[in-house]
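Encoded as C-alpha cells, the structure appears first; notes follow it.
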Amino acid sequence: MNQACRATYSISQTLVDCSKCGHLLDIAYDWSRIPVPGSMRQFESRWSSRRNPLDFSGVWRFRELLPFAKDEQIVTIGEGQTILQSSAGVGKYAGFQSGKLLLQYEGLNPSGSFKDNGMTAASTHAHMVGAKVAACASTGNTSASLAIYSSTTRLFETIVFIGSGKISFGKLSQALDYGAKTLQIQGDFDDALRQVRDVCAARGIYLCNSVNPFRLEGQKSIMFRVLEGLNWEVPDWIVVPGGNLGNSSAFGKAFTELKELGLINRIPRLAVINASGSNTLYQLFEQHKLRWNGGRLDEAKIITDKFFTQMDADNRRASTLATAIEINRPVNLLKCLRALEVCDGVVREVSDELILEAKAQIGAGGFGCEPASAASVAGAKLLREQGVISPSDRVVCILTGHQLKDPTATVAYHSVDPARLSAAAATEDDAYATMLRKAGVTQTPAANRPIVVENKFESIMALLDRIGC
Ligand code: F0G
C-alpha cells in the first residue's frame, strides 16, 4: 500500500504487513499478462455454465479480476448469490425518487453476511500455502464466515477470537455450531484483533482478518455484482457501513482497477457510514481532515497515532447497538482514505436510534438486515437531507448482514414500550428498554409492536375487527 516503499513479496508468503515499512500489503497484478475480458458484459457468458462451481460463484465468475489463484486452487462454497433490488418503501423513506435507491443484499451469502466474498479468497490463499490452522478476531460475522469455510471444506482447523459481551447470538451460535474453536477474550474486538495478530505471527497460523490482502480481493466482487445488477452501468453513489473498513477499501480498489482496465468510464462516489458510538473514521476524516494525501502515509500515521493516544488517555471506547461495527481502531483506515480519495468520498455518522429506525424500514420494505447494515440506509437518508446526494441520484446501499444475525436488536425495537424509554419510567429489569436507553434510543416510530390478546376466539375476532383485518 505504501507507494514510497514498493517492496514486493511472493504470493507463497503469508504476510499481512510489509516487513520494510510496516504498512499493510496490497495485491498488485501485472495486467498485461492476464486475459481480462474487453468488457464487463463478457462475464455474462458464465451464467450459462453454472454447473462449474467457479462460474456459479458470485466471486469467481469474475476471476480474471482477482487473478491470484489457478482454477484448481480455488476454494468456493457457492458464495455471492446476492441480489440488487429497489425497494419503493425504503427509497421513499430515505427521500429518493422512485427506483433510485437500490439495496445490495449481501445477507444471502452462505454464512449470512458479505464476509463470505472475502473468506473464499482468503481460504483459497490459505489452501495455496498449505495452511492447517486459520484464525480471526471478530465482532461475529468474520468468525461465522471463517467457521463455515472450515467446516464445509475441512481444509483447515479454525480458531476464532471474540471480545466479551457484545457479539450477537446469531453469530456466536454459528461459530459454535460450525465447530470453530471459540476463544472469548476478556476485552473488546480491538483487543481480540491485537491478540490474534500476535498469536498468528508467533504460531504460523493463517490470519483471516481484513488485514489479509486476499480478503479484500474477494470483497471487490460485491462491486462487480452491483454493476452486473445495473446492466453494467455505474451508479452515482455507493453507501456502505464502516467498521474495520475492509469493504470500503476493497470497493475503492475495485473501481480503480476497473477504470485502469477501461472496463468502466467513471467511478461512483463513496459514502462510508459510522455508527456515532463508533466513529473513528468520521472524526479523523470529517473533523481532523485526515486525507490519503498522495500516499504520504508517514504523515497520516502521526495524526492517527496522536488520535489513538488521546482516545486511550480519555478512555473512550466504541459503543453501539450495531455491534458488528463497534470498533475503535479500524485496521484498514489508510486504505479506506485511499478509497475515499479515488471515489471523491464522504463519511458520516448516524445514531443508534436512526440505525434502528432505518432497519425497521428496510425490514418492512421486504429486506431484513442486521443493525450495522442499516447504517447505510440511515446514512443515505442523512446525505439526502443534507443535499449532498440528490433525489434523482442512483444510490446503492450495501446491506452487509442478514436480519437473523441479531434478533435481539430487532425484537427489542419492535416490542419495547416507548414509555419505558424515558429515563424516569425505566426500570433495570426491563432488559430491552435498558438496552435501547443505554444506546440513546428515545423513540421507536417504525416499531411494529406485537399485540397481546386473550386466549379466546371472540377476543381475537374482536381484535381483528378493531385493527381492520
Ligand atoms: N456490516 C457488518 C454486518 C459487519 O459484520 C461488518 C464488520 C461491517 C459492516 C463493517 O465492515 O469492517 O469492512 O468496514 N464486521 C467485522 C467482523 C468486523 O468481525 O465480523 P468493514
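Sequence positions, counted from 1, serve as the residue numbers for this chain. In each ligand, atom 1 is the first atom listed, and ligand 1 is the first ligand listed.
- Of the polar atoms of Gly243, at least one N or O is found under 3.5 Å from an N or O of ligand 1, judged by distance alone.
- Between Cys336 and Pro330 there is no side-chain heavy-atom pair separated by less than 4.5 Å.
- The aromatic rings of His402 and Tyr105 sit tilted relative to each other, their planes meeting at an angle between 30° and 60°.
- No more than 12 heavy-atom neighbours from other residues, nucleotides or ligands sit within 6.0 angstrom of CZ on Arg203.
- With a 4.0 Å heavy-atom cut-off, ligand 1 is reached by the side chain of Ile325 but not by its N, CA, C or O.
- In terms of protein heavy atoms, atom 13 (O) of ligand 1 is closest to Asn247 N, 2.8 Å.
- Of the heavy atoms in Lys405, none comes closer than 4.0 Å to ligand 1.
- Residue contact check: Gly242 has heavy atoms under 4.0 Å from atoms 14 (O) of ligand 1.
- Protein heavy atom closest to atom 1 (N) of ligand 1, with residue, atom name and distance, is Thr400 OG1, 2.7 Å.
- Between Arg215 and Ser210, the closest heavy-atom pair is NH1-N, 3.3 Å.
- Under a 4.0 Å N-O distance rule, the pair Arg194/Asp191 qualifies as a salt bridge.
- Shortest non-hydrogen contact noted between Ala439 and Asp352 is CB-OD2, 3.4 Å.
- For the ligand labelled ligand 1, residue Ile327 lies inside the 4.0 Å heavy-atom shell.
- Taking a cutoff of 4.0 Å between a charged side-chain nitrogen and a carboxylate oxygen, Arg317 and Asp188 qualify as a salt bridge.
- In summary, the atoms of ligand 1 found under 4.0 Å from a heavy atom of Glu370, numbered by their order in the structure, are 3 (C).
- Side chain to side chain, Glu106 and Thr82 meet the donor-acceptor criterion of an N or O pair below 3.5 Å.
- When hydrogens are left out, the protein atom nearest atom 20 (O) of ligand 1 is Thr142 N, 2.8 Å; that is the closest non-hydrogen contact.
- Protein heavy atom nearest atom 15 (N) of ligand 1, with residue, atom name and distance: Lys115 NZ, 3.0 Å.
- The protein heavy atom nearest to atom 11 (O) of ligand 1 is Phe114 CZ, 3.5 Å.
- When heavy-atom distances to ligand 1 are checked against a 4.0 Å cut-off, Val240 has no atom that comes that close, whether in backbone or side chain.
- Nearest non-hydrogen protein atom to atom 12 (O) of ligand 1 is Asn244 N, 2.7 Å.
- Scanning the protein for heavy atoms near atom 5 (O) of ligand 1, the closest one is Asn141 ND2, 2.7 Å.
- At a heavy-atom distance under 4.0 Å, no atom of Lys171 approaches ligand 1.
- Within ligand 1, the atoms closer than 4.0 Å to a non-hydrogen atom of Ser138 are 17 (C), 19 (O), 20 (O), numbered from 1 in the order shown.
- Here the heavy atom of the protein found nearest to atom 21 (P) of ligand 1 is Leu245 N, 3.4 Å.
- Heavy atoms of Ser210 come nearer than 4.0 angstrom to ligand 1 in no pair at all.
- The two residues Phe285 and Val346 have their closest heavy-atom pair at CE2-CA, 4.2 Å.
- Other residues, nucleotides and ligands contribute over 12 non-hydrogen atoms within 6.0 Å of the OH atom of Tyr9.
- The two residues Thr139 and Glu326 make their nearest non-hydrogen contact at CG2-O, 4.3 Å.
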